[in-house]
There are 2 protein chains.
Amino acid sequence: MQEITGLELSPKKVQYLKFLLKKGDLVKTTDISTELNVDPSTSTKTINDLAESGYVDHVPYRGVRLTEKGREFAEFFVNRHNILSLMLSHYGLSSEGACAEVSRFEAFVSKEAIDTICGSMGHPTVSVCGKIKHSSCNLH
Amino acid sequence: MQEITGLELSPKKVQYLKFLLKKGDLVKTTDISTELNVDPSTSTKTINDLAESGYVDHVPYRGVRLTEKGREFAEFFVNRHNILSLMLSHYGLSSEGACAEVSRFEAFVSKEAIDTICGSMGHPTVSVCGKIKHSSCNLH
DNA sequence: CAACCTTTTTGGACATACACCAAACATTAG
DNA sequence: CTAATGTTTGGTGTATGTCCAAAAAGGTTG
């Protein structure tokens, strides 16, 4: 289990990891390119970056799978998304609006801030976008 | 007065405009490079970009000044920063923590979201980082 | 008012992130 | 085992943002 600052990955790479976690198991690079609306060659290249950094394992022509490290990060990314969406929804944004807004900036919010916000909310278990787990929250 | 989506400028350029508004009047490109910790040649280049897009006027070797358009955007950027900082401070972040956190992601939050949040807060006039004006808030 | 010193800009190079296209390559279906 | 399909490689391009070295402009002072 490694330190997560929350600022390790670019917005696009965060999207990749969240999608990989949602799909689970072995995912085709083509599924990713379809989901994220990019050329298949783009997703292959990005996946190779993520593999080099140890977030995924890539078996060429076969598919991609999160590593243990990748899974931990992906779970944090999903929680971060959900906590931020819940927060925005408290200020009058619709579920969809909050979700869309958060998707643009979530990659730049630190884990430290998320833990603080999460604690301040009383560690909610449900957001407007999905459920929230607290295994990685440092403020128990 | 033109439409502002809030997503027009990159994080760095938002910083430039906020600094220019704070300093007011004619600002040396060297002051900017000192403030933002970049090489003077970097600030000159970025200022030229902003001048091409109509946010500033640049008189070479003399200084930089916000245009009317630039001033409107800069005021929105400052308000956005302050509203988001106030929001985060409601969830347990310190003034400095909220301010630092917001500085990283503010460029990706839309004016539409800010107006909604601002309205939901009852149009506060004071934040943890400075005062808030409401001239540009669409939900008066 | 000319030479010098300082400030600012220009030009060139580089890094990161992201994207696409065309061609090569592997897998799978028939 | 060949053809169609799916995937990767290599090449290129755009947008940001960065620095360094050299040129240019501005300011200062004998």
Side-chain angles (χ1 to χ4, degrees), chain A residues 5-20 23 25-66 70 73-74 77 103-109, chain B residues 5-20 23 25-66 70 73-74 77 103-109:
Chain A
T5 68
L7 308 177
E8 292 86 353
L9 295 180
S10 68
K12 270 289 164 184
K13 287 182 178 140
V14 168
Q15 269 194 288
Y16 278 69
L17 256 58
K18 288 197 297 179
F19 179 65
L20 253 20
K23 286 297 292 284
D25 216 59
L26 205 60
V27 180
K28 299 294 191 115
T29 55
T30 308
D31 292 347
I32 301 173
S33 69
T34 302
E35 171 80 7
L36 305 188
N37 278 299
V38 296
D39 192 275
S41 63
T42 301
S43 59
T44 298
K45 284 194 160 95
T46 304
I47 285 299
N48 286 344
D49 282 354
L50 288 169
E52 263 184 40
S53 312
Y55 295 99
V56 302
D57 289 324
H58 181 207
V59 184
Y61 299 102
R62 286 287 160 183
V64 191
R65 200 191 308 268
L66 288 171
F73 274 81
F77 294 153
S103 296
R104 274 204 310 276
F105 70 78
E106 58 188 355
F108 306 101
V109 181
Chain B
T5 68
L7 308 178
E8 292 85 354
L9 294 180
S10 68
K12 269 289 165 187
K13 287 183 178 138
V14 168
Q15 268 194 289
Y16 279 67
L17 256 58
K18 288 197 297 179
F19 179 65
L20 254 18
K23 286 297 292 284
D25 215 60
L26 204 59
V27 180
K28 299 293 192 116
T29 55
T30 308
D31 292 347
I32 302 172
S33 69
T34 302
E35 171 79 8
L36 306 188
N37 278 299
V38 296
D39 192 274
S41 63
T42 302
S43 58
T44 298
K45 283 194 161 95
T46 305
I47 284 300
N48 286 344
D49 283 354
L50 287 169
E52 262 184 41
S53 312
Y55 295 98
V56 302
D57 288 325
H58 181 207
V59 183
Y61 298 100
R62 288 286 160 183
V64 191
R65 199 191 307 271
L66 287 171
F73 275 80
F77 294 153
S103 295
R104 274 205 310 277
F105 70 78
E106 59 188 354
F108 306 102
V109 182

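So that the names make sense, note that chain A is the first sequence line, chain B the second, and so on, each numbered from 1. Predicted, not measured: the structure shown is a model, and the values here were computed from it.
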If you check the A/Arg62 side chain, which of D/dT18, C/dT27, C/dA19 turns out closest?
C/dT27
Nearest-angstrom distance from the residue atom CG of A/Asn37 to C1' of C/dC20:
14 Å
Could you give the OH-to-P distance, from B/Tyr16 to D/dT16, as a whole number of Å?
13 Å
Would you mind reading off the distance between A/Glu8 atom CD and C/dA17 atom P, rounded to a whole angstrom?
13 Å
Going by atom types only, do B/Glu106 and B/Ser103 share a side-chain donor-acceptor pair under 3.5 Å?
no
So, does the side chain of A/Ser41 form a donor-acceptor pair with the base of C/dC21 at under 3.5 Å?
yes
Any donor-acceptor pair under 3.5 Å between the side chain of A/Thr46 and the base of C/dC18?
no
Length of the OH-C1' vector between A/Tyr61 and D/dT5, whole Å
12 Å
Ranking A/Pro11 and B/His58 by the position along DNA chain C of their nearest nucleotide, the one closer to 5' is B/His58
If only side-chain N and O atoms of B/Thr42 are considered, is one of them under 4.0 Å from the OP1 or OP2 phosphate oxygen of D/dC19?
yes
Looking at every strand, decide which applies to A/Asn48 at a 4.0 Å heavy-atom threshold: base, sugar-phosphate, or nothing.
sugar-phosphate
Side chain of B/Thr29, heavy atoms from C-beta onward: which of C/dC20, C/dT27, C/dT9 has the nearest atom to it?
C/dT9
Under 3.5 Å, side chain of B/Thr44 to main-chain N/O of B/Pro40, donor-acceptor pair present?
yes
Hey, does B/Lys45 reach any base, or is it just sugar-phosphate, or nothing, if we go heavy atoms under 4.0 Å?
base
Between the side chain of A/Ser53 and the main-chain N/O of A/Tyr55, is any donor-acceptor distance below 3.5 Å?
no
Parallel, tilted or perpendicular: which fits the ring planes of B/Phe108 and A/Phe108, with parallel below 30° and perpendicular above 60°?
parallel
Over all strands shown, is B/Pro40 touching base, sugar-phosphate only, or nothing at heavy-atom distances under 4.0 angstrom?
base
What integer distance in Å separates B/Ile32:CD1 from D/dT18:P?
13 Å
Reported OG-to-NZ distance for the pair B/Ser43 and B/Lys28, which is rounded to 0.5 angstrom
12.0 Å
Which of these nucleotides, C/dA17, C/dA19, D/dT18, is closest to any side-chain atom of A/Lys12?
C/dA19
To the nearest Å, how far apart are B/Asp49 CG and D/dT14 P?
15 Å
Between P on D/dC19 and CG on B/Leu36, what's the gap in Å once rounded to a whole number?
11 Å
Provide, to the nearest angstrom, the distance between the NZ atom belonging to B/Lys28 and the P atom belonging to C/dT7.
9 Å
